[in-house]
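It should be emphasised that the depicted structure is a prediction, and the values quoted were computed from it without experimental measurement.
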Amino acid sequence: MSVEPATVKRIAGLARIAITDEEAERLAPELGNILGWIEQLGEVDTSAVAPMTAVIPNTLRLRDDVVTDGNVRDAVLANAPQAEHGFFAVPKVIE
């Protein structure tokens, strides 16, 4: 696919990248090659390939959903500057 320097300048402007005319001339064939590779990838038959999220098989490690640190309210409230009725007491913010 052929990419013109004007197209490269337009893309650079959209990406907020300042490039000179010489850089646009140099980048035009490189972008054309990249687009050619993308076209080649589009020709590959992937209908028999299962979708995947990684190249190695990953399985989630499951654990029992149980509470393991309960009944420590008094120990937690011992660190509070002020506690009332088993809760943290905080100053009123809204009047």
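Pairs of residues two or more places apart, or lying in two chains, that qualify as salt bridge (charged side-chain N to carboxylate O under 4.0 Å, His left out) and include a residue from residues 23-38 are Arg26-Glu30. Listed by first and then second residue, the salt bridge (charged side-chain N to carboxylate O under 4.0 Å, His left out) pairs that reach into residues 70-89 come to none, sequence neighbours excluded. Here salt bridge (charged side-chain N to carboxylate O under 4.0 Å, His left out) pairs that include residues 5-18, with residues two or more places apart or in two chains, are Lys9-Asp21.
Applying the side-chain contact (heavy atoms from CB on, under 4.5 Å) rule to Asn58 yields the partners Ala54, Ile56; only residues at least two apart in sequence or on another chain are considered. Taking the side-chain contact (heavy atoms from CB on, under 4.5 Å) definition, one finds that Glu4 meets it with Thr7, sequence neighbours left out. Residues passing the side chain to side chain donor-acceptor pair (under 3.5 Å) test with Asp45 are Ser47, sequence neighbours excluded. For Ile38, the side-chain contact (heavy atoms from CB on, under 4.5 Å) partners two or more places apart in sequence, or in a different chain, are Ile34, Leu35. Under the rule for a side-chain contact (heavy atoms from CB on, under 4.5 Å), the partners of Glu22 that lie at least two apart in sequence or sit in another chain are Thr20.
Clustering of Ile, Leu, Val, Met, Phe, Trp and Tyr side chains at separations under 4.5 Å places Val76 together with Val72, Leu77, Phe88.
Here Ile11 contributes atom CD1 and Leu27 contributes atom CG; the two are 10.0 Å apart, rounded to the nearest 0.5 Å.
The two residues Val3 and Ala28 have their closest heavy-atom pair at O-CB, 3.3 Å.
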